[in-house]
Amino acid sequence: MRQTDHFLIFYRKNSISSEKIDPAAAQAEVAYQLAERRKLPLAERYAAFFIDLPEQFGLLTSPAAARFGGAASSVYKMEGGDIVPPAGDVYQ
């Protein structure tokens with residue numbers, strides 16, 4: 001896991017992700033700062049998952065992910081210590 005000011009970024013150690021995590025973390029922080037300047041409502045911290053391969057992205061999201069590149073964003077909530085999955089995903 002890599003922690004930044006506004007993100008907890010999860011990735012697999014000893015993978016392609018581990019070599020690219022620092023630039024990805026910096027890019028996430030830049031995006032957060034941009035959203036903050038635009039006065040968008042933001043949480044104090046977000047969870048993010050850095051995935052190596054498009055196939056893994058599809059397995060963790062949905063088959064529709066094959067038509068998109070970039071990032072997927074999901075909303076989740078905690079209920080009684082459990083993570084409740086989202087009703088849908090947003091792809092960019």
Side-chain angles (χ1 to χ4, degrees):
M1 181 186 73
R2 169 81 158 73
Q3 184 173 335
T4 70
D5 290 343
H6 300 103
F7 294 91
L8 297 174
I9 305 173
F10 298 91
Y11 64 97
R12 293 181 183 182
K13 289 187 176 185
N14 303 319
S15 67
I16 296 169
S17 297
S18 63
E19 299 169 11
K20 297 180 179 182
I21 197 66
D22 288 334
Q27 185 177 11
E29 282 298 328
V30 167
Y32 187 95
Q33 291 167 9
L34 177 62
E36 197 170 44
R37 283 196 301 269
R38 292 183 176 174
K39 308 278 189 228
L40 297 173
L42 297 168
E44 193 171 318
R45 179 148 301 163
Y46 291 93
F49 300 88
F50 194 94
I51 302 165
D52 287 333
L53 303 171
E55 297 81 20
Q56 293 171 340
F57 184 73
L59 288 172
L60 294 172
T61 55
S62 72
R67 296 190 307 253
F68 299 90
S73 174
S74 296
V75 177
Y76 66 90
K77 61 183 175 179
M78 299 294 292
E79 285 184 359
D82 294 327
I83 296 174
V84 178
D89 298 314
V90 177
Y91 303 104
Q92 298 177 347

Applying side-chain contact (heavy atoms from CB on, under 4.5 Å) to Gln27 and not counting sequence neighbours gives none
Ignoring hydrogens and angles, tell me if any N or O in the side chain of Glu29 forms a donor-acceptor pair with the backbone of Thr4 under 3.5 Å. no
Margin query: Between Asp22 and Arg2, does the side chain to side chain contact (heavy atoms under 4.5 Å, CB included) criterion hold? Intermediate values first, please.
Written below: CA-CA 8 Å; Asp22 288 334; Arg2 169 81 158 73; 2.9 Å; yes
Separation between CZ (Phe10) and CE (Met1), nearest 0.5 Å, reads 5.5 Å
Hits for side-chain contact (heavy atoms from CB on, under 4.5 Å) against Glu44, two or more places apart or cross-chain, chain-then-number order -> none
key: Verdict with supporting geometry, Arg45 and Leu8, side chain to side chain contact (heavy atoms under 4.5 Å, CB included)   = CA-CA 7 Å; Arg45 179 148 301 163; Leu8 297 174; 3.6 Å; yes
The side-chain contact (heavy atoms from CB on, under 4.5 Å) partners of Ala28 (sequence neighbours excluded) come to Phe7
side-chain contact (heavy atoms from CB on, under 4.5 Å) filter on Ala31, not counting sequence neighbours, yields none
Residues passing the side chain to side chain donor-acceptor pair (under 3.5 Å) test with Glu36, sequence neighbours excluded, are none
